[in-house]
Structure formats: C-alpha cells, structure tokens
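Report on one structure; see the data block that follows.
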2 protein chains.
Amino acid sequence: MEREPRQLYEARAKVAKALAHPSRLLMLDALAEKEMCVCDLTDLVGADQSTVSKHLAVLKNAGIVADRKEGVMIYYRLKVGCLRGFWNCIEGVLKQNLKEQQAVMNNL
Amino acid sequence: MEREPRQLYEARAKVAKALAHPSRLLMLDALAEKEMCVCDLTDLVGADQSTVSKHLAVLKNAGIVADRKEGVMIYYRLKVGCLRGFWNCIEGVLKQNLKEQQAVMNNL
DNA sequence: CAATTCTATGGCATAATTGCCATATAGGCA
DNA sequence: TGCCTATATGGCAATTATGCCATAGAATTG
C-alpha cells in the first residue's frame, strides 16, 4: 500500500485550486457548451476584464482550458471532460447530506 | 440556456476549495481505503495534530468526509465516491497536455 | 480525583488569493 | 501612421488560507 508521492498531490491541488472560485466555475460551465472569447466571458461574469483575464490564466495554467487566437480576440475552450460528471456526483452527495441533516432535525 | 444560480457555483467552489490542499488530498486518498483516526492521519501527513484537525474540519464542513467517535478517538471516513474517477480523468488530461507540450518542443 | 491520551479551538504571524486600476501589447482599420 | 478594440500584466490593498503554539475538553485509567 505505497502512498503516491507528494508531487502528485500538489499537481492535483493545483487543479482543485483552479476550480475553487465561483466565477471560474461559472465560466467553465459556459465553456462546456461552446468556446467563448474573453469579452463574452467578461459579460457573463460581470467583473473587470482584467480580473476575468487573470481567472482564465489560472484555468489555462492548470491545464483545464486552452485558448486560440483569432484576429484580436482570444477564444477559450474547455479541455477537460470530467467536470460535468464530477459535479453531478458531488451534488448528489451534498443533497443526500441535506436530507440526513433534516432527518436528524426531525428527530428521526 | 439558462445559467444556474450563483449560489450553485459557490457551493461547488466550497467543495473545490476543500480539495485544494496537498495534505487534504493525501488524507482523502488514504481514507478511500479505510477509515482512520486523527492520530493515524497526523502520522500520515507529518504536520502538527492541530493542523490536521483543522484540515479535517474543512473536509467535514464541505461534506466530503464524516466522522465517528469511538472512545477517545475519532474516526474519519470518506463520504464521496467520485474522487478516484475524477483524478484519473484529470491526470489523463494533464498527461496528454505534457505530451503535446513535448511535441511542440521537438518542433513536431 | 489526578494523570494521561486524543482531539478541537483560539490566537497569531506569514503566505496566498482576489479584484480593481492603470498600463502595455497587439490586431484591425481608416 | 494614428486610433480603436480586445486582451494581458504590474501593482497594490483587502481578504482569506495556512501552520504552529498554547490550551481546552472529553474519555480512560489508576
């Protein structure tokens, strides 16, 4: 039962950190449908363009998205297909937690 | 194409934040095999016991682990089954990224 | 009860993240 | 060339995360 090297967990943590922000998760959800330029994503998120640009840099650096230049605009696209299923599973668990908590409240 | 409410992304971000630390990921990997007490996890991680306790509180608060008291000891167990598959997928993507980067380096 | 062990919490210093402003860079167009 | 648009980056202040120490609480044992 060898534990895997610390390096692996730092790599994973980098990905998890990139996911750990509501605006970035919102953008990823949008990018799951189609690629979008920074201007589109800026409208979507409703933050300063420089802020969105930095968020995208985080996602790109983590390997979660890729970009493509077309004229002046830069289009970002999702590179990872595991997110939808992952969040479905997580949300299932959290919903179950809620039910259990409510059951406790009701003295079940 | 309604976007889901901001609340959802904050809930997801909370889970992602809980995952965003190498020590916590190491513990989760260990807990995937069997439940462990705080003392076991403290040995595993090699940090101060109070630090490990706080990490566990983060995981518990995010709904990722649950605990059980037995005498003086508190056993933590994994509550979420999606992690193994998620990291497999992520690591597959990252490995692919590496290959592509190397190909670029070799002027393919 | 006293002593010991296991775990959680408060407090604090350090480090990392976040978001905006200002500015730089680059492409498109007159 | 000059101007406009789209994007990225530097810098800074405010917030949040991290980790250790000291300590508190709870169960066990003598």
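Proteins get letters first, then strands, A, B, ... in listed order; numbering begins at 1 in each.
- A salt bridge between B:R24 and B:D29 is absent, with no side-chain N of the basic residue lying under 4.0 Å from a carboxylate O of the acidic one.
- Rounded to whole Å, atom C1' of D:dT5 lies 13 Å from atom CD1 of A:I74.
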Inset, instruction - Do nucleotides 21-30 of chain D as a string where each nucleotide becomes B, S or -: B if the base has a protein heavy atom under 4.0 Å, S if just the sugar-phosphate does, - if no protein is that close. - result: BB---SSS--
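- A:Y76 has a side-chain polar atom (N or O) that falls below the 4.0 Å cut-off from OP1 or OP2 of D:dA8.
- Under the salt bridge (Lys or Arg N to Asp or Glu O under 4.0 Å) criterion, the residue pairs touching residues 60-71 of chain A are A:E35-A:R68, A:K60-A:D67, A:R68-A:E70, with sequence neighbours excluded.
- Two residues, A:T42 and A:K17, neighbour DNA chain D, and the one matched to the more 5' nucleotide by heavy-atom proximity is A:T42.
- A:F86 places a side-chain heavy atom less than 4.5 Å from the side chain of B:L83.
- The distance from atom CG of B:D43 to atom C1' of C:dT5 is 14 Å, rounded to the nearest whole Å.
- Of all the heavy atoms in A:L44 and A:M27, the pair that sits closest is CD2-CA, 4.3 Å.
- Rounding to whole angstrom units, CD of residue B:E35 and P of C:dT7 are separated by 12 Å.
- Here the C1' atom of nucleotide C:dA16 and the NZ atom of A:K14 are 15 Å apart, to the nearest Å.
- What separates CG of B:N61 from P of D:dA17 is a distance of 11 Å, to the nearest Å.
- Side-chain proximity of A:R24 to D:dT9, C:dT18, C:dT9: nearest is C:dT18.
- Using a 4.0 Å cut-off between charged side-chain N and carboxylate O, A:D48 and A:K54 make no salt bridge.
- One can place CE of B:M27 at 13 Å from C1' of D:dG19, the figure rounded to the nearest angstrom.
- Between B:H55 and B:H21, the two ring planes are tilted [angle within 30° to 60°].
- Within the 4.0 angstrom heavy-atom criterion, no nucleotide atom of any strand lies near A:Y75.
- With hydrogens and angles left out, the side-chain atoms of B:D40 and B:Y75 include no donor and acceptor closer than 3.5 Å.
- As a whole-Å value, the separation of B:H55 NE2 from C:dT9 C1' is 15 Å.
- Between the C1' atom of D:dA6 and the CG atom of A:L56 lies a distance of 13 Å, rounded to the nearest Å.
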